[in-house]
Novice: 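Take a look at this one; I'll ask things after.
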Amino acid sequence: MGGPLGAIIGRHPAAAGGGEDELGGGGGGAGGGIIRHNRKCRDLVFLVLFASFWVAMIVNSSFGFNQGNPLRLTYELDYKGNVCGSRHGDPDLHELDVRYWMNPNQVYQSGVKDNKINLADAKAICLMECPIPAADGLNFVCDYPEGDIRLSVDDWINRDYDYFEFLTPDMRNSSLQLQGPCYPVIFPSVNVYWSCQFIARASNVSLKHWQQMGGINIDENILIDKTIHKAINSKSAVLKRYVADIGKSWPVLIVCGGLLPLFLSVIWLLLIRYFVAAMPWITVVLFNALVISVTMFFYIKAGWLGNDPLTVVIGESDPYVHITGREISHLHAATVVMTVVMIIAFLCSIAIIRRILTATPVLKVAAKVIGEVQALIIFPVVPYFVLAIFFMFWFSATLHLFSSGQVLRNDCNTDCCSYDLKLGKVNCDNCCGYSMHYTPHIGIAILFHLFGCYWATQFFIACSSTVIAGSVASYYWARGEISHEIPFITVVSSLKRLLRYSLGSVAIGSLVVSAVEWVRFILECLRRKLKLVDSARESCFGKMTSSSSQCCLGCIDWTLKSVNRNAYIMIAITGKGFFKASVVATGLIMNNILRIGKVNVIGDVILFLGKLCVSLFCALFAFLMLDTHKYKSAHNKISSPLIPVVVSWALGFIVAKLFFQVVEMSIDTIILSFCQDAEEHQGNAQYAPPLLIETLDEQSELQRLTQGP
């Protein structure tokens, strides 16, 4: 381990005399230097790398802000390439949000196998609502008024998009050939995620009137229904709606992902300060209650409990028409997963009941630290606000990046004709529609953006951990000799040391964890892609290889996070670089594994359950907010509560992690300091609190382990 650390972290007045970095700037008297060391900047290369990463993040996000339009995530394109609902379209499509395919025969032909026509090339316009067939006649939906049609858009809307009576004989004849500008409303349709889903049940009255007028034959095949349903439920369309849900539910994310976990985490810290003996039991009981509650909400939204299931239809619809979607299938899968989690959580709670008492003494020591170093309760607010600003920027950039594709005319070989009002004649050279095209560099930009979020989050959490560790280490080695300095100055001094010397070390630690996580993510994506490509059954060897690689990477990830946490403690105490600090911390743990293993594991479990309690409460409250009328109708209707609830849960967990680190890092720092203290004094820790010595009594533990039968 490179020798004892007493001259660095112990109370040795002559060890580092005149050291530059002292707690509170104290002088060199006895007890004047709790953490004294001739420090210098460490891991500068990785600090430069992290700074370069931030520059790249800003440039990457600027591309999204410049090219993206979040409206594209919710609304579709018309045949002119306009985004429905956009004020900048030609014409102005404000309030015209719903895409409607005018020619039913084009919709049918696009669903026929080996046909050259694609649904994206079928003529579609934007309306306020989906038209329905007339009860005693025939309605028409006509193209945007222009050319010889002297109507304003408002007049066109007020006439229910029908100006058939104003058409010239040539226009009427073209319309009867399904070439426009007016098309008959033969099939009923409903608004499914801002596209009119045809119901393959033609109106006999409307169809009869159409035939009497001399209109050409209209196909009534079920393909009309299935073709549109397939387009609306494509993977790319569902992904866009999920991302759009984040933008629509931003008030929920602010409340349930920001303010609520802040309040709950502070309350939890105060409770652990004053009711530490009862908190492990309260945490376990509350965790199980919250898991059951969240699971019940999933059952309700999945339609398996109660009468308030998720619906894909926007507005009113025929109760006898049942339309499904991928969102509902995903919600069913999430419900099954939550059921399994609920069962496992209940069984694990039973398993750890007898071990809970083991964690109470070390939690009491952490509670005492919080009571002495009072600024520790307040300090997490600083990284909280930094992360809050970062996430607001990141989510906004995400919406723009996911919508930053180019609107381009499709390259089609379709033979079709339609009446062009501007030209005043039938035009057969303008059949191709418009689509959003995403180039490969946009996909790379999105992946980089996602990776950047994870690395930045890990970095800020690591900085918070390092500051807390430095403060708690000062408390451990002080033993009351400079108690007048402890409440606030230790935190400020620890923060100054981090900013001046150790940002590079924190950057490399957070990068290592982020890299391993992303290797796991990429391998999982490749596995799924290969599984889809290979239509044959996956071999047993392939399954075993895939499972083994994921298991190994999971173990490596868990180990790295554990090593990183202890490395941050040694960085705060010694000022060493990341890799040297990792070696020192690992050596201390391995030399004292029997003393700290039992208590540390159970303590981590209780704290993990506490973080889950906060995040599950956030998810539960998000369900309640999303269940209001605001998010179930009109423009704010979300496609599914799944993504906003999961994001609220994740943000709640991150905020809880920031605050729970006060207890978590206090325990780990005190234990590591105890191990070093014991090594420097022949196995007897001189500066440890009596309760901790009793909890980590090595002799009794060794005696129990070495007793023979």
Side-chain angles (χ1 to χ4, degrees), residues 70 72-77 84 97-99 101 107 110-111 118-120 124 130 189-200 222-249 297-305 308-315 317 321-340 398-399 402-403 405 435-436 438 443 446 450 524-525 527-529 531-533 535 622-623 626-627 631-633 635-649:
R72 298 172 186 168
L73 299 173
T74 300
Y75 306 113
E76 301 296 338
L77 304 177
C84 293
D97 309 312
V98 187
R99 175 179 58 173
W101 286 275
V107 175
S110 65
N118 294 317
L119 188 62
C130 295
S189 58
V190 293
N191 184 350
V192 177
Y193 298 131
W194 307 104
S195 290
C196 291
Q197 167 72 66
F198 282 13
I199 308 299
I222 191 67
L223 277 178
I224 289 179
D225 185 318
K226 290 183 176 179
T227 302
I228 296 179
H229 184 267
K230 183 179 179 180
I232 294 174
N233 284 280
S234 65
K235 291 182 179 179
S236 60
V238 173
L239 177 61
K240 288 197 299 182
R241 289 197 292 270
Y242 278 156
V243 176
D245 287 344
I246 296 175
K248 294 177 183 178
S249 60
F297 262 99
F298 272 105
Y299 269 86
I300 291 171
K301 289 303 170 184
W304 296 347
L305 190 66
D308 188 26
L310 175 68
T311 174
V312 300
V313 177
I314 297 174
S317 64
V321 175
H322 179 67
I323 302 176
T324 61
R326 283 183 183 266
E327 286 87 348
I328 296 177
S329 301
H330 295 166
L331 204 55
H332 289 168
T335 305
V336 173
V337 170
M338 280 304 302
T339 304
V340 174
T398 300
L399 295 176
F402 271 88
S403 60
S435 298
M436 287 285 296
Y438 292 90
I446 291 173
L450 296 174
E524 178 63 17
C525 291
R527 185 188 68 82
R528 291 177 178 273
K529 192 170 184 178
K531 188 176 181 179
L532 290 174
V533 171
S535 58
F623 261 126
L626 294 169
D627 203 36
Y631 298 104
K632 297 170 71 174
S633 61
H635 298 84
N636 280 328
K637 177 180 171 63
I638 58 173
S639 64
S640 169
L642 181 61
I643 296 302
V645 166
V646 170
V647 173
S648 296
W649 175 87

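Computed from a predicted model, the values in this text were never measured in an experiment.
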Novice: Would you mind reporting whether Lys248 and Lys637 have side-chain heavy atoms less than 4.5 Å apart?
Specialist: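 They are not in contact (no side-chain heavy atoms under 4.5 Å apart), so the answer is no.
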Novice: Under the salt bridge (charged side-chain N to carboxylate O under 4.0 Å, His left out) test, which residues partner Arg72, sequence neighbours left out?
Specialist: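 Arg72 satisfies salt bridge (charged side-chain N to carboxylate O under 4.0 Å, His left out) with no residue once adjacent residues are dropped.
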Novice: For the pair Phe623 and Phe297, name the ring-plane relationship: parallel under 30°, tilted 30 to 60°, perpendicular over 60°.
Specialist: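 Plane angle under 30°, so parallel.
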Novice: So, using ring-ring contact (aromatic ring centres under 6.0 Å, His included) as the criterion, who are the partners of Trp649 when residues are at least two apart?
Specialist: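 Trp649: ring-ring contact (aromatic ring centres under 6.0 Å, His included) contacts with Phe653.
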Novice: Okay, side chain of Tyr75, backbone of Arg99: is any donor-acceptor separation there less than 3.5 Å?
Specialist: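 Not confirmed, Tyr75 side chain does not pair with Arg99 backbone.
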Novice: On a heavy-atom basis, which atom in Arg326 and which in Ser234 lie closest, and how many Å separate them?
Specialist: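 Smallest interatomic distance, heavy atoms only, reads NE-C, 4.1 Å.
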Novice: Could you tell me which residues satisfy side chain to side chain contact (heavy atoms under 4.5 Å, CB included) with Ser329, sequence neighbours excluded, listed by chain and number?
Specialist: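 If we apply the side chain to side chain contact (heavy atoms under 4.5 Å, CB included) test to Ser329, skipping adjacent residues, there are no hits.
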Novice: Nearest 0.5 Å please: distance from the CD1 atom of Ile228 over to the CG atom of Leu223.
Specialist: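 Rounded to the nearest 0.5 Å, the CD1-CG separation comes to 11.0 Å.
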Novice: Of all residues at least two apart in sequence or in a different chain, which pass the side chain to side chain contact (heavy atoms under 4.5 Å, CB included) check with Ser640?
Specialist: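 With sequence neighbours excluded, Ser640 shows a side chain to side chain contact (heavy atoms under 4.5 Å, CB included) to Tyr242, Leu310, Glu327, Leu331, Leu642, given in chain and number order.
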Novice: Sequence neighbours excluded, which residues qualify as side chain to side chain contact (heavy atoms under 4.5 Å, CB included) partners of His229?
Specialist: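 Testing His229 for side chain to side chain contact (heavy atoms under 4.5 Å, CB included), a comparison that skips the adjacent residues, returns Gln197, Asp225, Asn233, Ile323, Thr324.
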Novice: ring-ring contact (aromatic ring centres under 6.0 Å, His included) with Phe198: which residues, sequence neighbours excluded?
Specialist: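 By the ring-ring contact (aromatic ring centres under 6.0 Å, His included) rule, Phe198 matches Tyr100.
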Novice: Just wondering, do Phe298 and Thr339 contact through their side chains at under 4.5 Å, heavy atoms?
Specialist: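 When only atoms from C-beta onward are counted, Phe298 and Thr339 do not touch, as no gap falls below 4.5 Å.
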Novice: Not counting sequence neighbours, which residues clear side-chain hydrogen bond (donor to acceptor under 3.5 Å, both in side chains) with Ser639? List them please.
Specialist: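 Expected list: Asp245.
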Novice: Are any non-hydrogen side-chain atoms of Arg241 and Ile232 less than 4.5 angstrom apart?
Specialist: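 Touching, per the 4.5 Å side-chain cut-off.
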Novice: If you measure from OG1 on Thr74 to CD1 on Ile638, what distance do you get to the nearest 0.5 Å?
Specialist: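 Thr74 OG1 to Ile638 CD1: 11.5 Å, rounded to 0.5 Å.
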Novice: For Ala231, check side chain to side chain contact (heavy atoms under 4.5 Å, CB included) against everything at least two apart and list the hits.
Specialist: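 Expected list: Leu119.
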Novice: Sequence neighbours excluded, which residues qualify as ring-ring contact (aromatic ring centres under 6.0 Å, His included) partners of Tyr193?
Specialist: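 Expected list: none.
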Novice: At their closest point, which heavy atom of Ser110 faces which heavy atom of Asn118, and how far apart are they?
Specialist: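 Minimum heavy-atom contact is CB-C, 3.7 Å.
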Novice: By salt bridge (charged side-chain N to carboxylate O under 4.0 Å, His left out), which residues pair with Lys632, not counting sequence neighbours?
Specialist: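 Here the qualifying residues are Asp308, Asp627.
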Novice: Minimum heavy-atom separation for Pro309 and Gly303, please, with both atom names.
Specialist: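 Smallest interatomic distance, heavy atoms only, reads CB-CA, 3.6 Å.
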Novice: What's the verdict on side-chain contact (heavy atoms from CB on, under 4.5 Å) for Ile246 and Thr398, showing C-alpha distance, side-chain angles and the deciding distance?
Specialist: CA-CA 10 Å; Ile246 296 175; Thr398 300; 5.8 Å; no
Novice: If you compare all heavy atoms of Trp194 against all heavy atoms of His635, which two are closest, and at what distance to 0.1 Å?
Specialist: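 Shortest heavy-atom separation between Trp194 and His635 comes out as CZ2-CA, 3.7 Å.
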Novice: Could you check whether any side-chain heavy atom of Cys130 comes within less than 4.5 Å of a side-chain heavy atom of Val190, counting everything from C-beta outward?
Specialist: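 The answer is no; the side chains never approach within 4.5 Å.
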Novice: For Thr227, give me all partners under side-chain hydrogen bond (donor to acceptor under 3.5 Å, both in side chains), at least two apart in sequence or on another chain.
Specialist: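 Thr227 satisfies side-chain hydrogen bond (donor to acceptor under 3.5 Å, both in side chains) with no residue once adjacent residues are dropped.
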Novice: What pairs with Tyr631 under ring-ring contact (aromatic ring centres under 6.0 Å, His included), at least two apart in sequence or on another chain?
Specialist: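 Checked Tyr631 against ring-ring contact (aromatic ring centres under 6.0 Å, His included); zero matches.
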Novice: Please report the shortest heavy-atom distance between Ser195 and Glu76, naming the atom on each side.
Specialist: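 Closest approach of Ser195 to Glu76, heavy atoms only: OG-CG, 3.7 Å.
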